[in-house]
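See below for the structure under consideration.
Just the heavy atoms: all of them, side chains too, but no hydrogens, waters or symmetry mates, feed the values below. Reminder, nothing fancy here: chain letters follow the sequence lines and each chain counts from 1.
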Amino acid sequence: MQFSAIRPKLLRTINVATATTSSSPHHPSSATTSKRAAEQRCLALFQDHTCNTFPKLAQTHTHILKLGLHNNPLVLTKFASTSSDLDAIDYASSFIFSPDADTRLYDTFLFNTIIRAYAQTSQSKERALYFYNVMLDYGVWANKFTYPFVLKACAGLRVLSLGQSLHGSVVKLGFDDDAHVQNTMVHMYSSCSGGIEFARKVFDGMPKSDSVSWSALIGGYVRLGWSTDAIGLFRKMQMVGVRPDEITMVLVLSACTDLGALELGKWVESYIEKERVQKNVELCNALIDMFAKCGDVDKALKLFRNMSERTIVSWTSVIGGLAMHGRGFEAVSLFEEMIGAGVAPDDVAFIGLLSACSHSGLVEKGRKHFDSMTKEFKIVPRIEHYGCMVDMLCRAGHVKEALEFVKKMPIKPNPIVLRTLISACHAHGELKIGENITKQLIRNEPMHESNYVLLSNIYAKMSHWDKKTKIREVMDKKGMTKTPGSTMIELDNEIYEFVAGDKSQRQYKEIYEMVEEMGRELKGAGYAPTTSEVLLDIDEEDKEDALNRHSEKLAIAFALLNTPPGTPIRIVKNLRVCNDCHAATKFISRIYNREIVVRDRNRFHHFREGFCSCKDFW
DNA sequence: TTAGGGTTAG
């Protein structure tokens, strides 16, 4: 951890502070005011909530100097705690730690105030820890209030070794029996990579746990993607009689969202109603996100319309939800409604909007809003925004323009952008360009499996069969492991997970018979398997067999066997749905007269009567 | 005169 880099910045702000003071006139009346009254006047300045921005704070600073209170501890600490934006906090601390400051005034409360200010701001966790070190350097003792701040900062940085050393200090000073400190320790460990076992250990050793302790642990499980276990923890929490609150419910909903478990999500919603958990904005946002990502975007929209108070997250969740379901027009008009309502869009809202334009082929709208993002809203585009634009141009078939766009981008394209370009080159016949980009990408990312799949597809299209065969050998030689595709389906409050060629289900014989039957019906209806999707070096018949064992097809067969005719089927795939499964699912929706909703890694596909809502662009 | 867990995208 590098803390030394912070000093020069502080010194620079000190110069700014001095310049501001010397240029301002000195009022003789201030000098005659009694010290006590000056202090009161100064503290009153901080009651004004508009004073927490940098320019306002600088103005306040001038006043402080005028009143001769630059070394008053009350004023100093109030000064630091008022700040809420990073520049302002830096400014305040540069003032407090200026070379002429009276170091005898430094106490635990003063440091706690500064550490808290930095720990609460997302980009300044390092500075919180830096000032913790400064505090120790000055020989000022940390108390039980210091550690929740410091541990929180460490959680944000996700550095396990640092957290362990703080844990050591906590034990040494005897604060490890304090409930707040214990809960923050669970949170810290559960946020650090590789720390979940430690979090569990602290949690298990706690004499008493409350909803905060459970939420800290459940949150860790959710962050790791251990959603099923997170739900399991929630059930256990109920069993031991700890009442969940709105934050616990946000986390539980987040786990449902990850699993795509709509029925479970609905149950959680009714639980919230039944238990009268306070439905604040954040909980409503989590509900909206859950419904949108579990396939019921209309319900998400309804909840959104009924909200009395909305934040940018509410708008973004529902806009992103519509985009994901291919309802780009509605997403764009909701975005425009948001601006009309006076809510300023942020960078995330623009990602939702641009991805809506991309998924629905709204190229002109996309260009217009991308332009307004930089010019009107002064948001600097990140690689994700450029990525959306490239994706949008590629889907619309403007491959040449997309290539030009990438060349002109002020930032280096990341592998995601390059893969988008390569897929477009493959789809629109720019094979040579696609091959070159892929080779370059493989040099940068030699262990990324999908780069080889892309190259293999390009060679197949170029009819370079020998080169295509070689790719498999290269992959084997490098010992690359493929992320196994898996599909989940929810049935009677249980979640079933399938992987390719799965035989772990009790029903597996019937499932494979059903897959066979589906295959016969599909062929009769004119479906031809897309065997070029299969990377393995095997003959055509075996390839067909490999496709039939894809996890999506197994899950659909399972659903056809276990649900009444005519009921919709909802499945969740961990990767992008493959070409062949997409084509097959269209046929299945018609032949078996089922609406099939597929959530893949990127978006939703609604299959109905032989068609998909994505109009074959995904 | 200070304290703990949460939501959008990638």
Side-chain angles (χ1 to χ4, degrees), chain A residues 43 73-74 77-78 80-81 107-117 119-120 142-152 155 175 178-191 199 202-203 206 209-223 237 242 244-255 257 277-290 292-293 300 304 310-321 323-324 338 345-356 382-388 391 414-417 601-602:
Chain A
L43 290 175
L74 248 175
T77 44
K78 190 74 191 170
S81 67
D107 64 358
T108 307
F109 180 65
L110 181 131
F111 277 102
N112 283 357
T113 311
I114 293 159
I115 294 169
R116 179 182 63 175
Q120 280 170 348
N143 64 9
K144 64 171 181 175
F145 299 113
T146 316
Y147 283 96
F149 301 139
V150 184
L151 288 165
K152 190 178 175 176
F175 299 135
D178 181 279
H180 284 98
V181 174
Q182 286 168 346
N183 283 339
T184 334
M185 231 140 48
V186 174
H187 175 228
M188 178 276 293
Y189 276 129
S190 80
S191 306
V202 175
F203 180 86
M206 284 169 66
S209 62
D210 58 13
S211 68
V212 180
S213 346
W214 284 91
S215 299
L217 193 62
I218 293 174
Y221 278 51
V222 170
R223 275 187 292 274
M237 174 182 182
V242 177
D245 60 18
E246 66 276 14
I247 295 183
T248 322
M249 297 323 289
V250 166
L251 291 162
V252 173
L253 282 170
S254 179
T257 309
V277 178
Q278 193 208 345
K279 258 168 101 179
N280 60 6
V281 186
E282 289 83 359
L283 185 51
C284 289
N285 291 346
L287 276 167
I288 289 175
D289 189 48
M290 182 277 291
K293 288 197 189 132
F304 173 79
R310 295 171 189 148
T311 63
I312 183 75
V313 178
S314 332
W315 289 92
T316 308
S317 302
V318 76
I319 290 169
M324 220 175 271
M338 176 179 89
D346 63 4
D347 51 341
V348 183
F350 270 103
I351 291 174
L353 172 82
L354 294 174
S355 84
R382 284 185 286 123
I383 190 66
E384 289 84 0
H385 298 99
Y386 288 110
C388 285
D391 194 50
N414 64 5
I416 300 167
V417 172
R601 203 178 52 185
N602 297 332

(request) Please state how far atom NE2 in A:H385 lies from atom P in B:dG10, giving the value in whole angstrom units. (result) 10 Å

(request) Examine the side chains of A:S211 and A:T248 and answer whether a donor and an acceptor come within less than 3.5 Å of each other. (result) no

(request) Could you tell me whether A:E282 contacts a base, only the sugar-phosphate backbone, or nothing, with contacts defined as non-hydrogen atoms closer than 4.0 Å? (result) base

(message) Does A:N280 contact B:dG6 through a side-chain donor or acceptor facing the base, at a distance under 3.5 Å?
(response) yes

(request) Identify whether any heavy atom of A:L283 sits under 4.0 Å from a base atom; if not, whether one sits that close to sugar-phosphate; answer base, sugar-phosphate or nothing. (result) base

(request) Report the distance from atom CD1 of A:I218 to atom C1' of B:dG6, rounded to the nearest whole Å. (result) 12 Å

(request) Could you label the plane-to-plane angle of the A:Y147 and A:F175 rings as parallel, tilted or perpendicular, counting under 30° as parallel and over 60° as perpendicular? (result) tilted

(message) Whole angstroms only, please: what is the CD1-C1' distance between A:I416 and B:dA9?
(response) 11 Å

(message) Using a heavy-atom cut-off of 4.0 Å across all strands, would you classify A:N112 as base, sugar-phosphate, or nothing?
(response) base

(request) Could you work out which one of B:dA3, B:dG6, B:dG5 sits closest to the side chain of A:S211? (result) B:dG5

(message) Taking any heavy-atom pair under 4.0 Å as a contact, classify A:D347: base, sugar-phosphate, or nothing.
(response) nothing

(request) Ignoring backbone atoms, test whether A:K144 places a side-chain nitrogen or oxygen under 4.0 Å from the OP1 or OP2 oxygen of B:dT1. (result) no

(request) Measure the distance from CD1 on A:I115 to C1' on B:dT1 and round it to the nearest whole Å. (result) 15 Å

(message) Counting only side-chain nitrogens and oxygens, does A:R223 get under 4.0 Å of the OP1 or OP2 atom of B:dG6?
(response) yes

(request) Would you please confirm or rule out a distance under 4.0 Å between OP1 or OP2 of B:dG6 and any side-chain N or O of A:H187? (result) yes

(request) Could you tell me whether A:F350 contacts a base, only the sugar-phosphate backbone, or nothing, with contacts defined as non-hydrogen atoms closer than 4.0 Å? (result) nothing

(message) Measuring from the side chain of A:F145 (C-beta onward, heavy atoms only), which nucleotide among B:dT8, B:dG10, B:dA3 has the closest atom?
(response) B:dA3

(request) Ignoring the backbone of A:E246, work out which of B:dG6, B:dG5, B:dT8 is nearest its side chain. (result) B:dG6

(message) How long is the straight-line distance from NE2 of A:H187 back to NZ of A:K152, given to the nearest 0.5 Å?
(response) 8.0 Å

(message) By the 4.0 Å heavy-atom rule, please label A:T146 as base, sugar-phosphate, or nothing.
(response) nothing

(message) Under 4.0 Å, heavy atoms only, any strand: does A:D346 hit a base, just the sugar-phosphate, or nothing?
(response) nothing

(message) Measure CZ/A:R116 against C1'/B:dT1 and give the value in whole Å, please.
(response) 9 Å

(request) Consider only side-chain N and O atoms of A:N143 and A:T108, and report whether a donor and an acceptor are under 3.5 Å apart. (result) no

(request) Check whether the aromatic ring of A:F109 stacks on the base of B:dT1, taking stacking as ring centres less than 5.5 Å apart and planes within 30° of each other. (result) yes

(message) The side chain of A:P148 is closest to which nucleotide in this list: B:dT2, B:dG5, B:dA3?
(response) B:dA3

(request) Please state how far atom CZ in A:F203 lies from atom C1' in B:dG5, giving the value in whole angstrom units. (result) 12 Å

(request) Please confirm whether any donor atom in the side chain of A:D245 sits under 3.5 Å from an acceptor in the base of B:dG5, or the reverse. (result) yes

(message) Going by side-chain contact (heavy atoms from CB on, under 4.5 Å), A:V313 matches just one of A:V281, A:N285, A:V318. Which one?
(response) A:N285

(message) Whether A:R382 contacts B:dG10 is assessed here as follows: a side-chain N or O lying under 4.0 Å from the phosphate OP1 or OP2. Is that the case?
(response) no

(message) Measuring from the side chain of A:V212 (C-beta onward, heavy atoms only), which nucleotide among B:dG6, B:dA9, B:dG5 has the closest atom?
(response) B:dG5

(request) Give the rounded distance in Å between these two atoms: CG of A:L253 and P of B:dG6. (result) 15 Å

(message) Nearest whole Å is fine: how far is B:dG5 C1' from A:M237 CE?
(response) 10 Å

(message) Determine whether a donor-acceptor pair (N or O, by modelled atom type, separation under 3.5 Å) exists between the side chain of A:H385 and the backbone of A:D347.
(response) yes

(message) Tell me if a side-chain donor or acceptor on A:T316 pairs with a main-chain N or O of A:V348 at a distance below 3.5 Å.
(response) no

(request) From the options B:dG10, B:dT7, B:dA3, select the nucleotide whose nearest atom is closest to the side chain of A:E384. (result) B:dG10

